[in-house]
Structure formats: structure tokens, C-alpha cells
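Report on one structure; see the data block that follows.
Because the structure is predicted, anything quoted here is derived from the model rather than measured. Here is the naming used below: chain letters follow the sequence lines, and residue numbers restart at 1 for every chain.
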Amino acid sequence: MAMMTREAIREFFRRLHEANPHPQTELEYDSPYQLLVAVVLSAQATDRSVNIATRKLFAAAPTPEAMVTLGEEGIAEHIKTIGLFRNKARNTLALSRLLLERHGGEVPANREALEALPGVGRKTANVVLNTVFRQPVMAVDTHIFRVGNRTGLAPGKDVLEVEKRLMRRVPKDYLLDAHHWLILHGRYVCTARSPKCGICSVRDLCLSRDKTD
DNA sequence: ATCCCGAGGG
DNA sequence: CCCTCTGGAT
């Protein structure tokens, strides 16, 4: 499969870094707990719609204690505008209970404990480890899977393969921020349907530049 | 492999 | 109408 050279990869991230020195998530939150819930809610949903829902949800229940009091139906009422809302309401409640029972209401800082929470898989755990605890891990979501494959940055048949390739090939000094750079690039430039190659700053490095399929 | 599932874009 | 959106559990 077609793959970028290491020199092209370094230049790719050098340009994204230059354009955006301190990339951040666009999800809104005021605590590690709120980020965790927001990421759980973000599955197959735009962060825009997640933020609209979490403004209401976190106003009513900013902590795991308050979330348990709010209850599944109360949670569902606030997040009805997000897809998969019944599963997400159930997981948010169960996850909050588990945090209180096992972790004193705090978000654990290791993968095993995070993935043991209902509704939290590898991708969500990696987002929390990277965004809250500043660990150099790659959470491969729909955007990063697409950008990795399309550009030749990190091709792979599934998300785990793309993640491993990114961990091996992204320069260490870029690894901490690479997650957010790739998300933002996928969201605003390298879009799923009609990639905006005309405004792309890394077009000359891309192995699929100007292709329409 | 299938289910969950609303909103926005084209 | 169809596709996509920071997936996870069964």
C-alpha cells in the first residue's frame, strides 16, 4: 500500500504545527469527568451537537454524584438530540456509578481502568489519556482513520493498525499534539465526501491529492 | 457482522 | 434521498 516517506511525514506535521501551535479539542468541558462523558457522547456524532447537549447536561449534573441523582431518564432527556442517545444515557449513568464506587469519583489515569468503564473503549480511553493526562498516545477515530489512509501518512485495514503505524512513524516531538492536528485537518480540510484539496497546506505531500473517489 | 440513532450537509 | 459525525457492546 502507498505510504509517505519519513521525510514527508515530518514535513506534514511541521506545517500543521506552524498553522496551529497549540491544538485543542473542540469539545466543551470543565473537568476530567466532563471530558470523559463528552467523549462517550461523541461517538458517531459531531462535536457541535455534543456541545449543545452537554451545556444542558453539565448545567444539571456537573459531577458524577449529580449525574447518578439525575438518573437515566433525566440524562436521556438532555441528550435526546444526539444519535445513539439511549445507549449513551445508560452508559453515562453506569460509568458515573463505577467512578464513585471504584475511583472515588475521579477519572483514572490508566488504560485498563478506563476501558473497564461502560461505553469506554480504546479510542475514548486514548482521548482521555492524551487530552487530560498528556500522554503521547493516538486515539484513532473516523477522521484519523480516513486521513491516515487517504494521505498515505499511516495506512491500515483497521483502526488498531493505523494507530500502531502512527505510533511508530510520527516524530516523538509531535506525538502529543498529533491527535488534535489530524482531527482538525480531517474535519475542516480532508473531509470524507469532498476533500478540500484546493485549500490544503499538505496537498503536495498527499498520495491521493485531487482524487475525487 | 449488526445494532444503536438524531442532526446537518449535499 | 443518502452520507457522515472524535465508537462500543454483543
Report the nucleotide, chosen from [options], that has the shortest atom-to-atom distance to any side-chain atom of [X].
X: A:Asp141; options: C:dG7, C:dC3, C:dC5; result: C:dG7
X: A:Thr124; options: C:dT6, B:dG9, C:dG8; result: C:dG8
X: A:Thr81; options: B:dC5, B:dA7, C:dT6; result: B:dA7
X: A:Arg86; options: C:dT6, B:dC5, B:dG9; result: B:dC5
X: A:His180; options: B:dC5, C:dT6, C:dC3; result: C:dT6
X: A:Leu27; options: C:dC5, C:dT6, B:dG6; result: C:dT6

Review point. Can you tell which of A:Leu41, A:Ile82, A:Ile79 makes a side-chain contact (heavy atoms from CB on, under 4.5 Å) with A:Thr54?
Key: A:Leu41

Within this structure, what is the [atom1]-to-[atom2] distance between [X] and [N], rounded to whole angstrom?
X: A:Leu35; N: C:dT6; atom1: CG; atom2: P; value: 14 Å
X: A:Asn130; N: C:dT6; atom1: CG; atom2: C1'; value: 12 Å
X: A:Ile144; N: C:dC5; atom1: CD1; atom2: P; value: 12 Å
X: A:Leu57; N: B:dG6; atom1: CG; atom2: C1'; value: 16 Å
X: A:Gln44; N: C:dA9; atom1: CD; atom2: P; value: 14 Å
X: A:Leu41; N: B:dG6; atom1: CG; atom2: C1'; value: 13 Å
X: A:Lys56; N: B:dG6; atom1: NZ; atom2: C1'; value: 12 Å
X: A:Glu77; N: B:dG6; atom1: CD; atom2: P; value: 13 Å

Check every strand shown and say whether [X] touches a base, only sugar-phosphate, or nothing at a heavy-atom separation below 4.0 Å.
X: A:Ala139; answer: nothing
X: A:Lys88; answer: nothing
X: A:Ile82; answer: sugar-phosphate
X: A:Val39; answer: nothing
X: A:Val120; answer: sugar-phosphate

Practice item. Determine whether A:Met138 and A:Val39 fall in the same hydrophobic cluster, where Ile, Leu, Val, Met, Phe, Trp and Tyr are linked whenever their side-chain heavy atoms lie under 4.5 Å apart. Key: no

Check your understanding: Does a salt bridge link A:Arg146 with A:Asp141, judged by any charged N lying under 4.0 Å from a carboxylate O?
Key -> no

Check your understanding: Should the pair A:Glu11-A:Arg15 be classified as a salt bridge under the 4.0 Å nitrogen-to-oxygen rule?
Key -> yes

Point to revise | C1' gap between B:dC5 and C:dC5, integer Å | key: 12 Å

**Study point:** Distance between P atoms of B:dG10 and C:dT6 (Å, rounded)
**Key:** 14 Å

Establish, with yes or no, whether the OP1 or OP2 oxygen of [N] is under 4.0 angstrom from a side-chain nitrogen or oxygen of [X].
X: A:His143; N: C:dC5; value: yes
X: A:Thr46; N: B:dG8; value: no
X: A:Thr191; N: C:dT4; value: no
X: A:Arg187; N: C:dC5; value: no

Exercise for review: Could you pick out which residue, A:Arg146 or A:Glu115, lies toward the 5' side of DNA chain C when each is mapped onto its nearest nucleotide?
Suggested key: A:Arg146

Check your understanding: Where each residue is assigned the nucleotide of DNA chain C containing its nearest heavy atom, which of A:Leu117 and A:Ser42 is assigned the position nearer the 5′ end?
Key -> A:Ser42

**Study point:** A:Asn87 vs A:Ser194, nearer the 5' end of DNA chain B by closest nucleotide
**Key:** A:Asn87

**Study point:** Intermediate values then yes/no, salt bridge (charged side-chain N to carboxylate O under 4.0 Å, His left out), A:Lys164 and A:Glu161
**Key:** CA-CA 5 Å; A:Lys164 287 177 178 171; A:Glu161 196 172 317; over 6 Å; no

Review point. What residue pairs, at least two apart or across chains, pass salt bridge (charged side-chain N to carboxylate O under 4.0 Å, His left out) with a residue in residues 30-48 of chain A?
Key: A:Asp47-A:Arg187

Review point. Where is the tightest heavy-atom contact between A:Met167 and A:Pro136, given as atom of each residue plus distance?
Key: CE-O, 3.3 Å

